[in-house]
Amino acid sequence: MKLSLFEKKSNSVESDINIVLVLNKDLKNIEDKALLENLSFEAKDEELAFLPELKKIYVGCEENSYEAIAIAIATAIKKFQTTKYKTACVELIEDEKESLRAIVEGAILGAYTFTHYKSEKKKEVEQELIVLANSNLKTLLSIFNDATIIAESVNKTRDLVNRVPEDFYPKVMAKEAKRIAKENNLDCKVHGEEYLLKHKMLSMHSVGRASRHESQLIHLSYKPDNAKQKIVLIGKGLTYDSGGLSLKPGDYMVTMKSDKSGGCAVLGMMNAIAKLNLPLEVHGIIGAVENMIGGDAYKPDDVLTAKNGKTIEVRNTDAEGRLVLADCLCYAQDKIKDIDYMFDYATLTGASVVGVGQYTTSIMGNNSKLKCKAVKSATASGEYATSLPFNRFLRKTLKSEIADVCNISNTRYGGAITAGIFLDHFVYEENKEKWLHFDIAGPAFVESAWGYNPHGASGAGIRMTLELLKNL
Ligand code: BES
Ligand code: ZN
Ligand code: ZN
């Protein structure tokens, strides 16, 4: 979907079809009120009336909020996509700055389809949405451009996450990272298993040992001259999680191609950060690994030593993401000095999904103010997130009799939090307050469409992080 922005008073704009957002279920001033009422159109959220002879799509928008507007425009765009019309137009609603962001992001995110594995590709003529503004374009143009960059980065991440493990394995992830680096002038270093062994990253190395695909540690960096702060973004990139020897039951294994969502989100963030020219030094670090079974597989009972020298008793090979992240956290802190903020993204626990539902990200860390800021930024960006609290008693449930820490807790409860506390063991003292952990296991991949999100990958984490970076 191509988008363009015009001033309404320039009468030169013509389009094949008009999209009209009907706010607050209020049809009073709507031109085709009588006809719409006869059609029983009530202008509820996601409700749509297509009037082909009048070349109009009416869509309900129950309140003047980012979410309602984004869902409304996505609903209309999906209808538009079923037609052969080339152009549609839509007018902004007050406040124009706010509605512009919602319309641009809602349209681009809502128009997304994933056809990579379809033998018959959809029509190739690109349709266009023309956005009409009453106010001066000067003030709106930068919002339009930023929203476009952000939404396109989310779609790029969706494309990566939706790829399947047969053709998307750690080396492919590294190739994608290099492609994004080249496009945006970023530095990109990729390390294989020899590096992991040499630098004693045995926690990450063990997880990938049974796979025929070599693990890859990916490090992207963006260093503008005017950088004000140093940010590190770390992603779990399990291109497949079979569970390892603690094998997942068949119906839990399906969708585990999405276990690379954290890493793919970091790729999307790096792409957006560079294109937005943010005045920050940002490092993106991804542990790309495949968790498989085989004669060389790591085992429940093994004790692994991470890069910081801490020993880990493995009691479940399906709690592998935290083992990969442990070494990635150490690598980041050893390599990068004077970090201002360090955030990690991972589809880490089923417990997060059980606890807060499949649409919400769980945010954890030691700094309450920072957690609060992250939750607020998420809400402002259009994503759902909540914070979960660490406590000393859950911390004790990770104790090991034979090593420094266990990779799973000894209680059935609070699994998202105990996973977060496990990661905290690998956050150095000087960075405790600078770190946040985002468990995106719920929203990263949902097997039915929701609002402007499609079936499959949603690109969770990107919009909330870009908003948070603005507010730090
Ligand atoms: N990748 C999974 C977590 C997950 C589950 C993500 C469902 C998305 C949807 C993770 O590696 C895992 O298997 N975690 C285990 C941890 C357990 C063994 C302590 C889990 O959540 O069951
Ligand atoms: Zn697992
Ligand atoms: Zn996993």
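Order of listing sets the numbers, starting from 1, for every ligand and every atom in it. Everything quoted here is computed from the prediction, not taken from an experiment.
Of all N, O or S atoms in Glu320, the one lying closest to the Zn ion (ligand 2) is OE1. Within Asp259, the N/O/S atom positioned nearest the Zn ion (ligand 3) carries the name OD2. The N, O or S atom of Asp241 lying closest to the Zn ion (ligand 2) is OD2.
Between Trp435 and His437, the two ring planes are parallel [angle under 30°; tilted spans 30° to 60°]. Using the six-membered ring where Trp is involved, His455 and Phe445 have ring planes that are perpendicular, over 60° apart on the 30 and 60° scheme. Relative orientation of the Phe343 and Tyr345 rings is perpendicular, given thresholds of 30° and 60° on the angle between their planes.
A cation-pi contact, defined as under 6.0 Å to the ring centre and within 45° of the axis, links Arg158 to Tyr112.
The residue among Arg412, Met256, Arg315 with a heavy atom at the shortest distance from atom 8 (C) of ligand 1 is Met256.
The Glu320 neighbourhood of ligand 1 comprises atoms 11 (O), with distances under 4.0 Å to a heavy atom of that residue. Within ligand 1, the atoms closer than 4.0 Å to a non-hydrogen atom of Lys236 are 1 (N), 10 (C), 11 (O), numbered from 1 in the order shown. Which parts of ligand 1 touch Asp241 is read off a 4.0 Å heavy-atom cut-off, strictly below it: atoms 1 (N), 2 (C), 10 (C), 11 (O), 13 (O). In summary, the atoms of ligand 1 found under 4.0 Å from a heavy atom of Gly350, numbered by their order in the structure, are 3 (C), 4 (C), 5 (C), 20 (C), 21 (O).
From the protein, the heavy atom lying nearest to atom 19 (C) of ligand 1 is Ile408 CG2, 3.6 Å. If you check which protein heavy atom lies closest to atom 15 (C) of ligand 1, you get Asp318 O, 4.1 Å. When only non-hydrogen protein atoms are considered, atom 1 (N) of ligand 1 lies nearest to Asp259 OD1, 2.8 Å.
Salt-bridge check for Arg101 with Asp146: failed, with every basic side-chain N at 4.0 Å or more from each acidic carboxylate O.
Crowding of Tyr428 atom OH: a count of heavy atoms from other residues, nucleotides or ligands under 6.0 Å exceeding 12.
Within the 2.8 Å limit, Asp318 places at least one N, O or S atom next to the Zn ion (ligand 2). Here Lys236 reaches the Zn ion (ligand 3): one of its N/O/S atoms is less than 2.8 Å from the metal.
Between Tyr298 and His205, a ring centre-to-centre spacing not shorter than 6.0 Å is recorded.
Within the 4.0 Å cut-off (strictly below), no protein heavy atom is located near atom 22 (O) of ligand 1.
Tested against Ile273, the residues Leu466, Thr465, Asn184, Leu220 include a single side-chain contact (heavy atoms from CB on, under 4.5 Å) partner, Leu466.
In this structure, the side chain of Asp45 engages the main chain of Glu62 through a donor-acceptor pair within 3.5 Å.
Using a 4.5 Å cut-off on side-chain heavy atoms (C-beta onward), Val190 and His219 make no contact. Side-chain contact between Trp450 and Ser458 is present, with heavy atoms from C-beta onward closer than 4.5 Å.
Ligand 1 has no N or O atom lying under 3.5 Å from any N or O atom of Ala441, backbone or side chain. The shortest N or O to N or O distance between Arg322 and ligand 1 is not below 3.5 Å.
Looking at Leu348 against ligand 1, only its backbone comes within 4.0 Å, counting heavy atoms. Under 4.0 Å from ligand 1, the heavy atoms of Asn316 that appear belong solely to its side chain.
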